[in-house]
Novice: 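Encoded as C-alpha coordinates, here's the structure I'll be asking about.
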Amino acid sequence: MTGQAKLRSSSDRGTQRAPSSGTVLILGATSQIARAIALSFANAGYDLVLAGRTPDELERVAADIRIRRAADVRTETFDASDTESHQEFVARVLADCGHALAGVIVVFGLLGDSERARSDFSHAEEIIRINYVGASSVLTHLASHFEQAGHGFIVGVSSVAGDRGRASNYIYGSAKGGLSLFLQGLRNRLHSRGVQVLTVKPGFIDTRMTFGEVPTRLAADPEVVGKAIVKAVKKRKDVIYVPWFWRYIMWVIRLLPEFVFKRTNL
Ligand SMILES: NC(=O)c1ccc[n+]([C@@H]2O[C@H](COP(=O)([O-])OP(=O)(O)OC[C@H]3O[C@@H](n4cnc5c(N)ncnc54)[C@H](OP(=O)(O)O)[C@@H]3O)[C@@H](O)[C@H]2O)c1
(Lines give C-alpha, C1' and ligand atoms only; values in the text may rest on other atoms or scores of the structure.)
Protein backbone atom coordinates (compact mmCIF):
# COMPACT_ATOMS: atom_id res chain seq x y z
CA MET A 1 0.00 0.00 0.00
CA THR A 2 1.41 3.44 -0.88
CA GLY A 3 1.94 6.11 1.76
CA GLN A 4 -0.72 8.27 0.10
CA ALA A 5 -3.21 5.43 0.31
CA LYS A 6 -2.31 4.67 3.90
CA LEU A 7 -2.90 8.25 4.98
CA ARG A 8 -6.59 8.68 5.68
CA SER A 9 -7.98 12.12 5.11
CA SER A 10 -10.98 14.05 6.34
CA SER A 11 -10.55 16.82 3.77
CA ASP A 12 -13.49 15.61 1.68
CA ARG A 13 -16.05 16.04 4.44
CA GLY A 14 -16.96 19.53 3.25
CA THR A 15 -16.60 20.99 6.75
CA GLN A 16 -16.28 24.79 7.00
CA ARG A 17 -12.80 25.36 8.36
CA ALA A 18 -10.37 28.13 9.25
CA PRO A 19 -7.29 28.53 7.01
CA SER A 20 -4.67 25.96 8.01
CA SER A 21 -1.44 27.04 9.76
CA GLY A 22 0.23 23.91 8.32
CA THR A 23 0.44 20.31 9.44
CA VAL A 24 1.77 19.01 12.74
CA LEU A 25 3.09 15.45 13.01
CA ILE A 26 2.41 13.90 16.43
CA LEU A 27 4.43 10.79 17.23
CA GLY A 28 2.89 8.51 19.84
CA ALA A 29 -0.54 10.02 19.26
CA THR A 30 -2.63 7.54 21.27
CA SER A 31 -1.59 8.71 24.72
CA GLN A 32 -3.82 11.02 26.75
CA ILE A 33 -1.17 13.74 26.68
CA ALA A 34 -0.88 13.39 22.89
CA ARG A 35 -4.68 13.63 22.46
CA ALA A 36 -4.70 16.85 24.46
CA ILE A 37 -1.80 18.20 22.39
CA ALA A 38 -3.58 17.22 19.16
CA LEU A 39 -6.78 19.00 20.21
CA SER A 40 -4.86 22.13 21.22
CA PHE A 41 -3.08 22.28 17.84
CA ALA A 42 -6.35 21.61 15.97
CA ASN A 43 -7.87 24.52 17.96
CA ALA A 44 -4.94 26.69 16.87
CA GLY A 45 -5.73 25.98 13.20
CA TYR A 46 -3.25 23.20 12.39
CA ASP A 47 -3.93 20.03 10.43
CA LEU A 48 -2.60 16.84 11.96
CA VAL A 49 -0.82 13.61 11.12
CA LEU A 50 -1.28 11.26 14.06
CA ALA A 51 1.33 8.50 14.19
CA GLY A 52 1.57 5.51 16.47
CA ARG A 53 1.80 1.76 16.68
CA THR A 54 -1.90 0.91 17.06
CA PRO A 55 -3.79 1.87 13.86
CA ASP A 56 -7.32 1.22 15.22
CA GLU A 57 -6.77 3.40 18.27
CA LEU A 58 -5.16 6.10 16.11
CA GLU A 59 -8.20 6.11 13.85
CA ARG A 60 -10.46 6.46 16.93
CA VAL A 61 -8.43 9.45 18.14
CA ALA A 62 -8.51 10.99 14.64
CA ALA A 63 -12.29 10.48 14.31
CA ASP A 64 -12.84 12.13 17.69
CA ILE A 65 -10.81 15.21 16.68
CA ARG A 66 -12.55 15.43 13.28
CA ILE A 67 -15.93 15.51 15.05
CA ARG A 68 -14.87 18.22 17.49
CA ARG A 69 -12.70 20.40 15.23
CA ALA A 70 -12.65 21.27 11.52
CA ALA A 71 -9.10 20.00 11.06
CA ASP A 72 -7.72 17.64 8.43
CA VAL A 73 -6.54 14.66 10.50
CA ARG A 74 -4.66 11.74 9.00
CA THR A 75 -3.05 8.70 10.57
CA GLU A 76 0.22 6.84 10.02
CA THR A 77 1.68 3.70 11.53
CA PHE A 78 4.90 4.31 13.45
CA ASP A 79 6.89 2.17 15.88
CA ALA A 80 9.48 4.08 17.91
CA SER A 81 11.50 0.94 18.66
CA ASP A 82 11.80 -0.06 14.98
CA THR A 83 14.50 2.48 14.15
CA GLU A 84 15.24 0.84 10.79
CA SER A 85 11.81 1.93 9.56
CA HIS A 86 12.19 5.58 10.58
CA GLN A 87 13.86 6.91 7.44
CA GLU A 88 11.15 5.45 5.23
CA PHE A 89 8.43 6.64 7.63
CA VAL A 90 9.75 10.22 7.50
CA ALA A 91 10.05 10.08 3.70
CA ARG A 92 6.41 8.94 3.50
CA VAL A 93 5.17 11.76 5.74
CA LEU A 94 7.22 14.34 3.84
CA ALA A 95 5.98 13.03 0.48
CA ASP A 96 2.48 13.66 1.73
CA CYS A 97 2.99 16.96 3.60
CA GLY A 98 6.19 18.41 2.16
CA HIS A 99 6.51 22.10 2.95
CA ALA A 100 3.15 22.09 4.75
CA LEU A 101 4.86 20.25 7.63
CA ALA A 102 4.95 23.02 10.23
CA GLY A 103 6.31 20.94 13.07
CA VAL A 104 6.73 17.62 14.82
CA ILE A 105 5.98 16.62 18.41
CA VAL A 106 7.55 13.53 19.94
CA VAL A 107 5.19 12.35 22.66
CA PHE A 108 5.75 8.59 22.82
CA GLY A 109 7.49 7.21 25.88
CA LEU A 110 7.69 4.27 28.23
CA LEU A 111 7.88 4.54 32.02
CA GLY A 112 8.22 0.78 32.40
CA ASP A 113 8.65 -1.03 35.69
CA SER A 114 11.49 0.77 37.43
CA GLU A 115 11.91 -1.96 40.05
CA ARG A 116 12.28 -4.62 37.33
CA ALA A 117 14.57 -2.43 35.21
CA ARG A 118 17.12 -2.31 38.04
CA SER A 119 17.99 -5.98 37.60
CA ASP A 120 16.55 -6.97 34.19
CA PHE A 121 18.62 -5.20 31.58
CA SER A 122 16.40 -6.32 28.70
CA HIS A 123 13.61 -4.26 30.27
CA ALA A 124 15.98 -1.35 30.98
CA GLU A 125 17.07 -1.50 27.33
CA GLU A 126 13.44 -1.33 26.16
CA ILE A 127 12.92 1.83 28.24
CA ILE A 128 16.10 3.40 26.86
CA ARG A 129 15.28 2.24 23.33
CA ILE A 130 11.86 3.88 23.24
CA ASN A 131 12.50 7.07 25.23
CA TYR A 132 15.97 7.90 23.92
CA VAL A 133 17.05 5.80 20.93
CA GLY A 134 13.64 5.89 19.20
CA ALA A 135 13.21 9.61 19.74
CA SER A 136 16.71 10.57 18.63
CA SER A 137 16.45 8.27 15.60
CA VAL A 138 13.24 9.72 14.18
CA LEU A 139 14.33 13.28 15.05
CA THR A 140 17.62 12.78 13.23
CA HIS A 141 15.69 12.11 10.00
CA LEU A 142 13.26 14.97 10.59
CA ALA A 143 15.94 17.50 11.66
CA SER A 144 17.58 17.41 8.23
CA HIS A 145 14.25 18.24 6.62
CA PHE A 146 13.63 21.24 8.90
CA GLU A 147 17.25 22.38 8.52
CA GLN A 148 16.83 22.50 4.74
CA ALA A 149 13.37 24.06 4.93
CA GLY A 150 14.68 26.85 7.19
CA HIS A 151 11.51 27.01 9.29
CA GLY A 152 9.34 24.90 11.58
CA PHE A 153 9.34 23.54 15.11
CA ILE A 154 10.49 20.36 16.80
CA VAL A 155 9.00 19.54 20.19
CA GLY A 156 10.20 16.71 22.42
CA VAL A 157 8.23 15.61 25.47
CA SER A 158 10.94 14.74 27.97
CA SER A 159 10.39 14.70 31.75
CA VAL A 160 11.43 16.31 35.02
CA ALA A 161 12.79 12.80 35.77
CA GLY A 162 15.62 13.63 33.35
CA ASP A 163 16.86 16.55 35.47
CA ARG A 164 18.48 14.45 38.19
CA GLY A 165 19.10 10.71 38.64
CA ARG A 166 17.05 9.21 41.46
CA ALA A 167 17.06 5.67 42.85
CA SER A 168 13.34 5.29 42.17
CA ASN A 169 13.49 5.70 38.36
CA TYR A 170 17.00 6.34 37.10
CA ILE A 171 16.68 4.15 33.98
CA TYR A 172 13.68 6.11 32.68
CA GLY A 173 15.26 9.32 34.04
CA SER A 174 18.55 8.73 32.25
CA ALA A 175 16.74 8.06 28.95
CA LYS A 176 14.70 11.27 29.32
CA GLY A 177 17.82 13.16 30.46
CA GLY A 178 19.57 11.93 27.30
CA LEU A 179 16.60 13.12 25.24
CA SER A 180 16.74 16.56 26.90
CA LEU A 181 20.45 16.84 26.00
CA PHE A 182 19.77 15.64 22.47
CA LEU A 183 17.11 18.34 22.06
CA GLN A 184 19.42 20.97 23.54
CA GLY A 185 22.12 20.12 21.00
CA LEU A 186 19.57 20.09 18.18
CA ARG A 187 18.36 23.54 19.28
CA ASN A 188 21.94 24.80 19.16
CA ARG A 189 22.36 23.28 15.65
CA LEU A 190 19.07 24.52 14.19
CA HIS A 191 18.68 27.95 15.79
CA SER A 192 20.58 29.73 13.01
CA ARG A 193 18.34 27.98 10.45
CA GLY A 194 15.19 29.52 12.01
CA VAL A 195 13.95 26.21 13.43
CA GLN A 196 12.58 26.17 16.98
CA VAL A 197 13.42 23.20 19.21
CA LEU A 198 11.28 23.03 22.35
CA THR A 199 11.96 20.71 25.29
CA VAL A 200 8.87 19.95 27.37
CA LYS A 201 9.39 18.69 30.92
CA PRO A 202 6.12 17.57 32.50
CA GLY A 203 5.88 16.84 36.21
CA PHE A 204 3.04 14.54 37.32
CA ILE A 205 0.27 14.37 34.71
CA ASP A 206 -2.91 12.37 35.23
CA THR A 207 -2.59 9.58 32.61
CA ARG A 208 -2.46 5.79 32.50
CA MET A 209 1.35 6.12 32.90
CA THR A 210 0.99 7.54 36.40
CA PHE A 211 -2.20 5.67 37.36
CA GLY A 212 -1.62 4.11 40.78
CA GLU A 213 1.87 5.65 41.00
CA VAL A 214 0.91 9.21 41.96
CA PRO A 215 -2.12 10.44 43.97
CA THR A 216 -4.57 11.92 41.41
CA ARG A 217 -4.80 15.21 43.34
CA LEU A 218 -1.07 15.79 42.72
CA ALA A 219 -1.33 15.14 38.98
CA ALA A 220 -2.24 17.82 36.42
CA ASP A 221 -4.78 17.39 33.65
CA PRO A 222 -3.21 16.42 30.25
CA GLU A 223 -5.02 19.43 28.75
CA VAL A 224 -2.54 21.66 30.62
CA VAL A 225 0.30 20.14 28.58
CA GLY A 226 -1.49 20.65 25.25
CA LYS A 227 -2.23 24.31 25.93
CA ALA A 228 1.27 24.98 27.30
CA ILE A 229 2.93 23.53 24.18
CA VAL A 230 0.82 25.60 21.75
CA LYS A 231 1.63 28.73 23.77
CA ALA A 232 5.35 27.88 23.93
CA VAL A 233 5.52 27.23 20.17
CA LYS A 234 3.88 30.62 19.51
CA LYS A 235 6.38 32.33 21.83
CA ARG A 236 9.30 30.31 20.41
CA LYS A 237 10.37 29.09 23.86
CA ASP A 238 13.30 26.70 24.38
CA VAL A 239 12.37 24.75 27.52
CA ILE A 240 9.13 24.59 29.49
CA TYR A 241 8.11 22.80 32.67
CA VAL A 242 4.44 21.74 32.92
CA PRO A 243 2.79 22.74 35.19
CA TRP A 244 5.06 25.81 35.49
CA PHE A 245 5.91 25.34 39.21
CA TRP A 246 7.97 22.24 38.39
CA ARG A 247 10.71 24.60 37.12
CA TYR A 248 11.22 25.76 40.72
CA ILE A 249 10.87 22.30 42.29
CA MET A 250 13.51 20.95 39.92
CA TRP A 251 15.70 24.01 40.43
CA VAL A 252 15.86 23.21 44.16
CA ILE A 253 16.38 19.49 43.48
CA ARG A 254 19.24 20.22 41.05
CA LEU A 255 20.86 22.62 43.55
CA LEU A 256 21.10 20.03 46.34
CA PRO A 257 24.76 19.02 46.71
CA GLU A 258 25.44 15.37 45.79
CA PHE A 259 26.59 14.50 49.36
CA VAL A 260 23.13 15.60 50.57
CA PHE A 261 21.16 14.29 47.59
CA LYS A 262 22.55 10.73 47.82
CA ARG A 263 21.09 10.43 51.33
CA THR A 264 17.58 11.45 50.23
CA ASN A 265 14.74 9.17 49.25
CA LEU A 266 12.98 11.28 46.61
N1 LIG B 1 2.20 11.14 32.75
C2 LIG B 1 3.19 11.80 33.33
O3 LIG B 1 3.14 12.15 34.52
C4 LIG B 1 4.41 12.16 32.52
C5 LIG B 1 5.40 12.92 33.17
C6 LIG B 1 6.54 13.28 32.46
C7 LIG B 1 6.67 12.91 31.14
N8 LIG B 1 5.69 12.16 30.54
C9 LIG B 1 5.88 11.80 29.13
O10 LIG B 1 4.75 12.17 28.39
C11 LIG B 1 4.62 11.29 27.27
C12 LIG B 1 3.19 10.75 27.20
O13 LIG B 1 2.98 9.97 28.35
P14 LIG B 1 1.57 9.55 28.97
O15 LIG B 1 1.60 9.89 30.39
O16 LIG B 1 0.47 10.10 28.12
O17 LIG B 1 1.72 8.00 28.91
P18 LIG B 1 1.02 6.81 28.09
O19 LIG B 1 -0.44 6.99 28.06
O20 LIG B 1 1.62 5.56 28.62
O21 LIG B 1 1.57 7.09 26.62
C22 LIG B 1 2.69 6.53 26.07
C23 LIG B 1 2.55 6.68 24.57
O24 LIG B 1 3.74 6.20 23.97
C25 LIG B 1 3.35 5.30 22.95
N26 LIG B 1 4.38 4.31 22.69
C27 LIG B 1 4.98 3.49 23.59
N28 LIG B 1 5.84 2.70 22.95
C29 LIG B 1 5.78 3.04 21.63
C30 LIG B 1 6.45 2.58 20.47
N31 LIG B 1 7.34 1.60 20.50
N32 LIG B 1 6.15 3.16 19.28
C33 LIG B 1 5.23 4.15 19.21
N34 LIG B 1 4.57 4.63 20.27
C35 LIG B 1 4.86 4.07 21.46
C36 LIG B 1 2.09 4.63 23.46
O37 LIG B 1 1.41 3.99 22.40
P38 LIG B 1 0.31 2.81 22.67
O39 LIG B 1 -0.98 3.54 22.92
O40 LIG B 1 0.32 2.06 21.38
O41 LIG B 1 0.78 2.02 23.85
C42 LIG B 1 1.38 5.87 24.00
O43 LIG B 1 0.79 6.59 22.93
C44 LIG B 1 5.69 10.22 27.44
O45 LIG B 1 6.82 10.54 26.68
C46 LIG B 1 6.02 10.31 28.91
O47 LIG B 1 7.31 9.84 29.18
C48 LIG B 1 4.56 11.78 31.20
Side-chain angles (χ1 to χ4, degrees), residues 25-40 49-62 75-86 89-90 93 104-114 117 123 125-139 155-164 166 168-169 171-180 182-183 198-226 228-229 239-247 249-250:
L25 169 64
I26 300 182
L27 297 164
T30 48
S31 83
Q32 281 157 285
I33 289 180
R35 288 168 205 230
I37 294 171
L39 262 182
S40 292
V49 176
L50 305 181
R53 59 182 173 174
T54 43
D56 292 350
E57 189 55 25
L58 278 178
E59 199 41 51
R60 265 192 287 277
V61 177
T75 62
E76 260 288 345
T77 304
F78 168 78
D79 184 345
S81 58
D82 182 12
T83 52
E84 295 210 340
S85 69
H86 290 182
F89 165 79
V90 169
V93 170
V104 57
I105 309 177
V106 170
V107 194
F108 60 80
L110 176 70
L111 180 62
D113 177 344
S114 45
H123 186 50
E125 194 174 21
E126 191 189 2
I127 294 169
I128 295 164
R129 187 158 185 80
I130 290 170
N131 292 297
Y132 179 71
V133 180
S136 51
S137 161
V138 71
L139 285 180
V155 180
V157 178
S158 184
S159 172
V160 294
D163 276 14
R164 194 152 192 181
R166 292 180 292 127
S168 57
N169 70 351
I171 305 290
Y172 171 77
S174 64
K176 288 296 197 184
L179 174 61
S180 296
F182 181 92
L183 292 165
L198 169 67
T199 308
V200 180
K201 298 184 179 184
F204 298 140
I205 311 295
D206 189 11
T207 68
R208 70 179 167 178
M209 186 180 270
T210 50
F211 184 75
E213 303 261 337
V214 178
T216 313
R217 70 193 148 76
L218 294 183
D221 194 291
E223 211 176 281
V224 175
V225 186
I229 294 179
V239 181
I240 56 167
Y241 286 79
V242 196
W244 60 270
F245 51 80
W246 279 95
R247 177 178 295 274
I249 296 175
M250 295 317 295

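As the structure lists them, so they are numbered: ligands from 1, and atoms in each ligand from 1. Small disclaimer: the values here were computed from a predicted structure and weren't measured. We use all heavy atoms of the structure for the numbers below, so side chains are in, but hydrogens, waters and symmetry mates are not.
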Novice: Under a 4.0 Å heavy-atom cut-off, which residues neighbour ligand 1?
Specialist: Gly28, Thr30, Ser31, Gln32, Ile33, Arg53, Thr54, Phe78, Asp79, Ala80, Ser81, Val107, Phe108, Gly109, Ile130, Val157, Ser158, Ser159, Tyr172, Lys176, Pro202, Gly203, Phe204, Ile205, Thr207, Arg208, Met209, Thr210
Novice: Charged N to carboxylate O below 4.0 Å: is that the case for Arg60 and Glu57?
Specialist: yes
Novice: Show your working on side chain to side chain contact (heavy atoms under 4.5 Å, CB included) between Val160 and Ile249 and close with a plain yes or no.
Specialist: CA-CA 9 Å; Val160 294; Ile249 296 175; over 6 Å; no
Novice: In residues 239-246, what donor-acceptor pairs under 3.5 Å come from side-chain atoms, sequence neighbours left out?
Specialist:
unit_1 : atom_1 : unit_2 : atom_2 : d
Tyr241 : OH     : Asp163 : OD2    : 2.5
Tyr241 : OH     : Arg254 : NH1    : 3.1

Novice: For Ser168, check side-chain hydrogen bond (donor to acceptor under 3.5 Å, both in side chains) against everything at least two apart and list the hits.
Specialist: Arg166
Novice: Apply side chain to side chain donor-acceptor pair (under 3.5 Å) to the pair Arg129 and Thr83, showing each step before the final yes or no.
Specialist: CA-CA 9 Å; Arg129 187 158 185 80; Thr83 52; 3.3 Å; yes
Novice: Under the side-chain hydrogen bond (donor to acceptor under 3.5 Å, both in side chains) test, which residues partner Gln32, sequence neighbours left out?
Specialist: none
